[in-house]
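The block underneath contains the structure these notes are about, expressed in structure tokens.
Just so we're on the same page: letters track the sequence lines, and every chain starts at 1.
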Number of protein chains: 2
Amino acid sequence: MKFSKKSEYGLRALLELCETYGGRVLQRHEIAERQNIPVEFLEQILLALKRAGLLASRRGIRGGYSLIKSPEEITLGQVIRILDGPLAPISCVSKTAYQKCADCPYAAKPSCPLQQAMGEVRDAIANILDHYTLSRFAHTQLAEGS
Amino acid sequence: MKFSKKSEYGLRALLELCETYGGRVLQRHEIAERQNIPVEFLEQILLALKRAGLLASRRGIRGGYSLIKSPEEITLGQVIRILDGPLAPISCVSKTAYQKCADCPYAAKPSCPLQQAMGEVRDAIANILDHYTLSRFAHTQLAEGS
DNA sequence: CAGTTGTCTAGTGAGTTGCTCAAGATTTAG
DNA sequence: CTAAATCTTGAGCAACTCACTAGACAACTG
């Protein structure tokens with residue numbers, strides 16, 4: 001029940017790209033250094049985000065990456081799904097990647113306890129992450145003291 | 001962001017054990033056949049649940065496993081933590097297995113965006129699973145039609 | 001004691017994760 | 001035009017995890 005490093009790095013990279021949104025481009029090594037991410041691995045992540053339409057890139061000596069969608073329009077759920085796949089804890093409750101369980105004896109029956117419980121979990125996770133925008137993410141201030 | 005087969009099998013096995021709670025013991029092959037689980041793998045799961053104090057077992061020709069805690073007292077959260085480890089999506093927000101992130105540049109700072117967001121997710125998951133009892137789980141009837 | 005069951009430890013093949021490397025394409029500076 | 005800096009692509013790889021298997025052993029029953 002963990003998120004991968006890929007998602008974590010991806011979100012941290014987007015934090016940097018949010019800061020220069022609308023302004024200059026950022027090069028992979030800039031992001032990598034500031035966020036302490038292995039540069040070649042980061043690149044794969046940036047390319048995936050580019051293919052998904054969140055980032056633009058330019059090659060050559062003045063090249064780099066930049067955000068092309070507003071941080072208001074991007075949610076953490078989108079980013080995690082791009083980098084980590086579906087949010088659902090088991091695939092028989094995924095809305096974006098549903099798959100019938102092969103071996104579950106309840107698959108044929110009208111009600112599956114696992115599906116019920118995991119469905120609730122899926123909805124709770126999606127409900128948070130699909131409403132959590134990058135701009136809110138980037139402006140986080142912890143409310144609690146100590 | 002997936003649960004393992006171990007948790008899934010464990011929960012399905014507990015479904016069977018709930019039915020005979022207070023009555024007779026169940027042998028591994030009975031559970032395995034009914035729930036379509038490889039019997040040797042199931043055994044490891046049952047042993048883990050036994051070590052955690054949920055199950056009792058008896059060896060010998062009349063042996064088998066039985067639930068020793070009431071299905072009302074056992075939550076899905078407990079079971080999943082036994083079989084799959086902590087619920088938290090990243091370890092810096094785990095309450096049962098906290099670990100400081102080594103490479104995160106926000107680890108030292110007062111606020112970490114990732115920690116904030118993932119903390120919400122953790123709480124939502126825990127909130128559902130730690131209040132979902134086995135007895136409710138075993139008596140699931142899907143409410144929705146179609 | 002013999003047979004049936006659970007207990008324990010170790011191993012294993014396939015797949016995933018996290019990361020590295022090398023060769024190529026594109027852009028800009030000079 | 002050339003060279004340097006950047007992104008692009010794809011392959012490779014060590015370590016780990018997952019799902020499962022095997023086998024020796026302990027305990028219980030009749």
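- Ion pairing of A:D130 with A:R81 is present here, as a side-chain N (NZ or NE/NH1/NH2) and a carboxylate O approach within less than 4.0 Å.
- A search for ring pair (Phe, Tyr, Trp, His ring centres under 6.0 Å) contacts involving A:F41 returns A:Y9, not counting sequence neighbours.
- Using a 4.0 Å heavy-atom criterion, one finds that A:Y9 contacts the sugar-phosphate atoms exclusively.
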Pull out every protein N or O sitting under 3.5 Å from an N or O of nucleotides 7-14 of chain D, one pair per line with the distance.
{"from": "D:dC7", "atom 1": "OP1", "to": "A:R28", "atom 2": "N", "distance (Å)": "3.3"}
{"from": "D:dC7", "atom 1": "OP2", "to": "A:R28", "atom 2": "NE", "distance (Å)": "3.1"}
{"from": "D:dC7", "atom 1": "O3'", "to": "A:S57", "atom 2": "OG", "distance (Å)": "3.4"}
{"from": "D:dT8", "atom 1": "OP1", "to": "A:K50", "atom 2": "NZ", "distance (Å)": "2.6"}
{"from": "D:dT8", "atom 1": "OP1", "to": "A:S57", "atom 2": "OG", "distance (Å)": "2.7"}
{"from": "D:dT8", "atom 1": "OP2", "to": "A:Y65", "atom 2": "OH", "distance (Å)": "3.1"}

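- When the P atom of D:dC18 is taken as reference, atom CD1 of A:I90 falls 16 Å away, rounded to whole Å.
- Following rounding to the nearest Å, B:R12 (CZ) and D:dA19 (P) show an atom-to-atom distance of 12 Å.
- Screening residues 7-24 of chain A for salt bridge (charged side-chain N to carboxylate O under 4.0 Å, His left out), with sequence neighbours left out, gives A:K5-A:E8, A:E8-A:R12, A:E16-A:R34, A:R24-A:E30.
- In this structure, B:R122 has no salt bridge (charged side-chain N to carboxylate O under 4.0 Å, His left out) partners at least two apart in sequence or on a different chain.
- Between chain B and DNA chain C, the heavy-atom contact criterion of under 4.0 Å yields a 5' to 3' nucleotide range of C:dT4 to C:dA10.
- Atom P of nucleotide D:dT21 and atom NZ of B:K5 are separated by 13 Å, given to the nearest angstrom.
- Residues passing the side chain to side chain contact (heavy atoms under 4.5 Å, CB included) test with B:K69, sequence neighbours excluded: B:L54, B:E73, B:I74, B:Q78.
- Residues meeting the side chain to side chain contact (heavy atoms under 4.5 Å, CB included) test with B:A97, sequence neighbours left out: B:P86, B:S94.
- Rounded to a whole Å, the NZ atom of B:K6 is 12 Å from the P atom of D:dT17.
- The salt bridge (charged side-chain N to carboxylate O under 4.0 Å, His left out) check on A:R136 picks up B:E120, with sequence neighbours excluded.
- Atom C1' of nucleotide D:dT6 and atom CG of A:L46 are separated by 13 Å, given to the nearest angstrom.
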Could you list the donor-acceptor pairs under 3.5 angstrom formed between side-chain atoms of residues 57-68 of chain A and any protein atom two or more places apart in sequence or on another chain?
{"from": "A:S57", "atom 1": "OG", "to": "A:K50", "atom 2": "NZ", "distance (Å)": "3.1"}
{"from": "A:R58", "atom 1": "NH2", "to": "A:R62", "atom 2": "O", "distance (Å)": "3.0"}

